[in-house]
2 protein chains.
Amino acid sequence: MEYTVQKLGRLAGISTRALRYYDEIGILKPARINSSGYRIYGVKEVDRLQQILFYRELEISLERIKAIMNDPSFDLNEALKAHREQLLDKRKQLDLIIANVEKTIASSEGRMIMSDKEKFEGFKQKMIEDNENKYGNEIRGKYGNKTVDKANEKVMNMAQEDHEEAGRLAEEIKAALAEARKTGDPSSETAQKAAELHKQWLMFYWSEYNKEAHADLAQMYVDDERFRKYYDEKHPGTAEFLRDAIHIYTVK
Amino acid sequence: MEYTVQKLGRLAGISTRALRYYDEIGILKPARINSSGYRIYGVKEVDRLQQILFYRELEISLERIKAIMNDPSFDLNEALKAHREQLLDKRKQLDLIIANVEKTIASSEGRMIMSDKEKFEGFKQKMIEDNENKYGNEIRGKYGNKTVDKANEKVMNMAQEDHEEAGRLAEEIKAALAEARKTGDPSSETAQKAAELHKQWLMFYWSEYNKEAHADLAQMYVDDERFRKYYDEKHPGTAEFLRDAIHIYTVK
DNA sequence: CTACACCTTTACGCAGCGTTAAAGTCAACC
DNA sequence: GGTTGACTTTAACGCTGCGTAAAGGTGTAG
């Protein structure tokens, strides 16, 4: 069977330009050139093109493909088996990404909540690791994995309504805190109410309440820049005020 | 948390050049520029970059990503669903290519014949031309579709271990054949053992054994140049010898 | 004060083609 | 045998997503 550029292109699903380019760079030369200068490809070229496409599917550069295929020690069978393995790996990766997209869809429809980390699961990027280490691990080490992990777990699986409810609670806490700060007294009634609200809010994320952990968390709000920023946004010192209120609350 | 180019690059697993490029094309601008002209990125930019990488993994051009992320009426949900469809398509195509590799392996081992069209299955989005293969169709007509198709099906679904086991068997057959050929007698014990091994090997690919089909296949090994080549590689006449041995084996 | 690792802009290079442009070829139908 | 229309050719520039200098400024540790 003989093919002109377009016929081979249609057969293989690539453009005529690509075939001419392959000729140009010497990775796939036609079997012969006819009297009018047309490129004519034969059976061997078809097979070679198939090989090229296999490699290209693995995102190997044409340069390297050429080197590989011109290597006299090139073992077709071995190469094919390697292809199979690599393609199976690729499929696994793809499955991860598909799972990710599905989770993201669920998340965008409010059926699920994703942690930032989850959002990027499936992408080979090592990513946040370094960063996670700086803060995440530090805090984990200090306050224990269980507390943080359980919170994460619950946050991740929490239904949307819960999230909204928690959001309302968070607003209430903010309001109560703003009110309480005017008194300047963390043991005041409003301050203690804020601490109580904070406990309730926490219970959306923690599986079980524990005074010590609550007190530790309050300290974390002061120690960790990101948390502190959240509370101190409008009124500096709020994080510390909340910590004090919670510390009083937890020993009562 | 604030990041310079290199820090953010390390965080996200991309180059500083890429970050400058993203700034240049306006897809990701730093939160601010410090007094020395350094790019400083903040939390929002980190999130945005993660989004960008997410889209990029889905093989969307930066141009489109930019449009997507700048368009306030962009429907995330719709886009995600479209992405999912594309990814599922991609997986289907990948499965086709994997099946293609499996078939090509079978073909290179002489267990199967592929039409030119088949060789590119999975690479093309659409199958357009019916490009008839001289051999494939001929032999299908001659020996029946069922035999060949069933073999294909099984090859495609075959598990890894089976494949390796089959490979070992193929080696055994080769060895037995080489041994048997010395006797020159296809009815000799070693020749019959080779035929028996060949049957076992076949059973990796056929769903059920059938003496007639086995005998037909043996004849095919002689008739078809490509199969014959595989067996005659070292010792011409081996294909015929095997055929004779199998013919004797199948009437026993 | 000196390393040295960072940062900046400018600018050319590269793969793997897509895309004209200008011109020749082939088969079919009139 | 002439025209059409789908094919082919070479030559050349364009595009994306950066890599890779080059030439210089900055930050900080020793």
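Proteins get letters first, then strands, A, B, ... in listed order; numbering begins at 1 in each.
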For Arg32(B), the side-chain hydrogen bond (donor to acceptor under 3.5 Å, both in side chains) test, sequence neighbours excluded, returns Glu2(B)
What string of B, S and - do you get for nucleotides 21-27 of chain C, 5' to 3', when a contact is any protein heavy atom under 4.0 Å? ---BBS-
Applying side chain to side chain contact (heavy atoms under 4.5 Å, CB included), can you list everything that pairs with Ser107(B), at least two apart in sequence or on another chain? Met114(B)
With sequence neighbours left out, the residues meeting side chain to side chain contact (heavy atoms under 4.5 Å, CB included) with Glu45(A) are Leu28(A), Ala31(A), Tyr41(A)
Assuming nearest nucleotide by heavy-atom distance, tell me which of Asp23(B) and Gln6(B) is located more 5' along DNA chain C. Gln6(B)
Would you indicate whether Lys7(B), at its atom NZ, is surrounded by more than 12 heavy atoms from other residues, nucleotides or ligands within a distance under 6.0 Å? no
Contact class for Arg20(B) (heavy atom, under 4.0 Å): base, sugar-phosphate, or nothing? base
Using 0.5 Å steps for rounding, measure from the CG atom of Leu53(A) to the CD1 atom of Ile14(A). 5.5 Å
Considering all heavy atoms of both residues, which atom of Leu62(A) and which atom of Ile27(A) are nearest to each other, and what is their separation? O-CD1, 3.5 Å
Step-by-step side-chain contact (heavy atoms from CB on, under 4.5 Å) determination, Ile25(A) to Glu63(A): CA-CA 9 Å; Ile25(A) 65 171; Glu63(A) 185 73 27; over 6 Å; no
Asp95(A) meets the salt bridge (charged side-chain N to carboxylate O under 4.0 Å, His left out) criterion, sequence neighbours left out, with Arg91(B)
For residues 53-92 of chain A, the ring-ring contact (aromatic ring centres under 6.0 Å, His included) pairs (sequence neighbours left out) are Phe54(A)-His83(A), Phe54(A)-Phe123(B), Tyr55(A)-His83(A)
Polar atom pairs between nucleotides 13-16 of chain C and protein, under 3.5 Å, N or O only, would you list them?
{"from": "dG16(C)", "atom 1": "OP1", "to": "Leu62(A)", "atom 2": "N", "distance (Å)": "3.1"}

Who pairs with Lys92(B) by salt bridge (charged side-chain N to carboxylate O under 4.0 Å, His left out), at least two apart in sequence or on another chain? none
What pairs with Asp244(A) under salt bridge (charged side-chain N to carboxylate O under 4.0 Å, His left out), at least two apart in sequence or on another chain? none
How would you give the extent of chain A contacts on DNA chain D, as first and last nucleotide 5' to 3' within a 4.0 Å heavy-atom cut-off? dC7(D) to dA12(D)
Axis-to-axis angle between the two ends of the helix from dC1(C)-dG30(D) to dC30(C)-dG1(D) (five base pairs per end, rounded to 10 degrees): 10°
Within the structure provided, determine whether Ile98(B) and Lys90(A) are in side-chain contact (heavy-atom separation under 4.5 Å). no
Residue pairs, two or more places apart or on separate chains, that pass side chain to side chain donor-acceptor pair (under 3.5 Å) and touch residues 17-26 of chain A: Thr16(A)-Arg20(A), Tyr22(A)-Arg56(A), Asp23(A)-Lys29(A), Asp23(A)-Arg39(A)
